[in-house]
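Have a look at the structure below before the remarks.
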Amino acid sequence: MAAVLAILALGSSLNIPALRVTRPSAAEVDEFVRRQGSKGFNSRAQGHVVNYLHTGERPAGLQLCERSAVVGRGQQAYDRARNALANGELISGVPWATICLGGKPAEAPDLATVVQCYRSVWCLNPCRVTYAALGTTHSTVAYATLNGHLLEGEEAFDLRMALDGRVHVRVASLSKGSGVLGTLATPFIAPIRRAFLAAAAQSFVSREVAAQRLILGEEIA
């Protein structure tokens with residue numbers, strides 16, 4: 001019994017994440033998100049990523065990673081992307097990663113990022129929405145990490161329609177390792193984070209391409 005308690009204590013101090021050998025079911029992820037309501041933030045970084053998007057300034061000690069893409073052109077393309085953002089459809093069509101929210105970002109802030117790491121284990125990462133602003137030409141949703149996450153920091157999805165009508169999506173992360181295990185794992189997490197942000201940005205492009213094909217098909221019909 002003493003050995004078991006020692007292992008549990010060590011796991012707590014090392015901030016062991018929620019891992020699965022197989023991909024968790026939708027019900028398992030929903031339960032994970034529901035139970036994290038009592039968890040607190042594991043850092044004081046709330047607001048930094050939104051400030052970075054607005055000013056370009058970032059605090060010392062947090063690593064920046066960001067990816068961007070041109071989603072499409074025109075108000076309708078922007079509105080489709082904004083609706084996806086408003087409904088919590090932050091990443092889609094990616095077999096090894098997803099983001100699961102308890103509801104719309106403005107209404108149910110708890111969420112989990114679910115990622116398969118190096119084609120082996122699946123990791124469920126607790127987060128909470130810290131910022132949601134939806135406008136006619138600019139929208140942003142940001143979320144921060146909770147206790148139990150290997151990283152400390154924030155990620156944000158920023159959607160803008162430029163003066164030339166182009167719709168840009170930008171996915172940015174400011175973070176560092178959380179605790180002993182998170183710090184040690186950061187070099188291994190970094191490539192996954194880069195791929196995750198790139199896939200998230202590309203998913204907005206893929207949705208718009210699919211929408212344009214559907215519109216073209218309807219016009220031909």
Side-chain angles (χ1 to χ4, degrees), residues 1 3-43 45 63 65 67 84 87-105 108-130 141-157 171 173-204 206:
M1 178 61 71
V4 173
L5 292 175
I7 292 173
L8 291 175
L10 179 61
S12 176
S13 65
L14 290 177
N15 195 32
I16 299 296
L19 300 176
R20 302 288 188 276
V21 176
T22 59
R23 180 167 187 158
S25 66
E28 289 176 318
V29 177
D30 288 344
E31 178 63 15
F32 178 81
V33 172
R34 187 189 65 79
R35 285 168 30 201
Q36 72 189 34
S38 60
K39 291 185 177 181
F41 294 108
N42 65 354
S43 76
Q63 296 177 346
C65 183
R67 295 292 184 269
N87 290 324
E89 299 168 9
L90 304 182
I91 185 171
S92 61
V94 180
W96 55 270
T98 188
I99 300 177
C100 301
L101 288 88
K104 296 181 179 180
D110 283 347
L111 63 98
T113 62
V114 183
V115 180
Q116 186 182 31
C117 303
Y118 295 100
R119 298 184 179 181
S120 54
V121 299
W122 291 83
C123 186
L124 288 82
N125 308 297
C127 302
R128 182 166 295 141
V129 173
T130 54
V141 170
Y143 54 85
T145 55
L146 302 179
N147 290 321
H149 202 301
L150 284 176
L151 296 177
E152 298 180 14
E154 279 185 304
E155 290 178 351
F157 287 69
V171 190
S173 170
L174 283 171
S175 65
K176 64 178 181 178
S178 178
V180 176
L181 186 56
T183 301
L184 293 174
T186 296
F188 303 97
I189 297 174
I192 301 172
R193 182 177 62 160
R194 290 193 294 268
F196 180 82
L197 299 186
Q202 184 59 39
S203 68
F204 279 81
S206 298

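Both backbone and side-chain heavy atoms feed into the values below; hydrogens, waters and symmetry mates do not. As the structure is a prediction and not an experimental result, all values here were calculated from the model.
- At a threshold of 4.5 Å between non-hydrogen side-chain atoms, the residues Thr145 and Ser178 do not count as touching.
- For the atom pair Leu111 CG and Cys100 SG, the distance stands at 9.0 Å (nearest 0.5 Å).
- In this structure the side chain of Trp96 reaches within 4.5 angstrom of the side chain of Val115, judged on heavy atoms.
- Looking at Phe204 and Val171, their side chains never come closer than 4.5 Å, going by heavy atoms from C-beta outward.
- Sparse packing is recorded around NZ of Lys104, with 12 or fewer heavy atoms of other residues, nucleotides or ligands lying under 6.0 Å away.
- Atom CD of Gln116 is separated from atom SG of Cys123 by 11.5 Å, given to the nearest 0.5 angstrom.
- You'll find the side chain of Val33 stays beyond 4.5 Å of the side chain of Leu101, heavy atoms only.
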Please determine whether side chain to side chain contact (heavy atoms under 4.5 Å, CB included) holds for the pair Thr98 and Arg23, giving the CA-CA distance in whole Å, both sets of side-chain angles, and the decisive distance to 0.1 Å.
CA-CA 11 Å; Thr98 188; Arg23 180 167 187 158; 4.1 Å; yes
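- Contact of the Leu150 side chain with the Asn125 side chain is not registered, since no non-hydrogen atoms from C-beta on lie closer than 4.5 Å.
- Taking CD from Glu155 and CG from Leu90, the interatomic distance works out to 10.0 Å, rounded to the nearest 0.5 Å.
- To the nearest 0.5 Å, atom OH of residue Tyr143 and atom OG1 of residue Thr130 are 10.0 Å apart.
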Contacts table for residues 183-201: side-chain donor-acceptor under 3.5 angstrom, sequence neighbours left out:
unit_1, atom_1, unit_2, atom_2, d
Thr183, OG1, Gly179, O, 2.7
Thr186, OG1, Gly182, O, 2.7
Arg193, NH1, Ser173, OG, 3.2
Arg193, NH1, Ser175, OG, 2.6

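- Residues Pro126 and Phe32 are in side-chain contact: their nearest non-hydrogen atoms beyond the backbone lie under 4.5 Å apart.
- Using modelled atom types, one side-chain atom of Arg128 and one backbone atom of Gln36 make a donor-acceptor pair closer than 3.5 Å.
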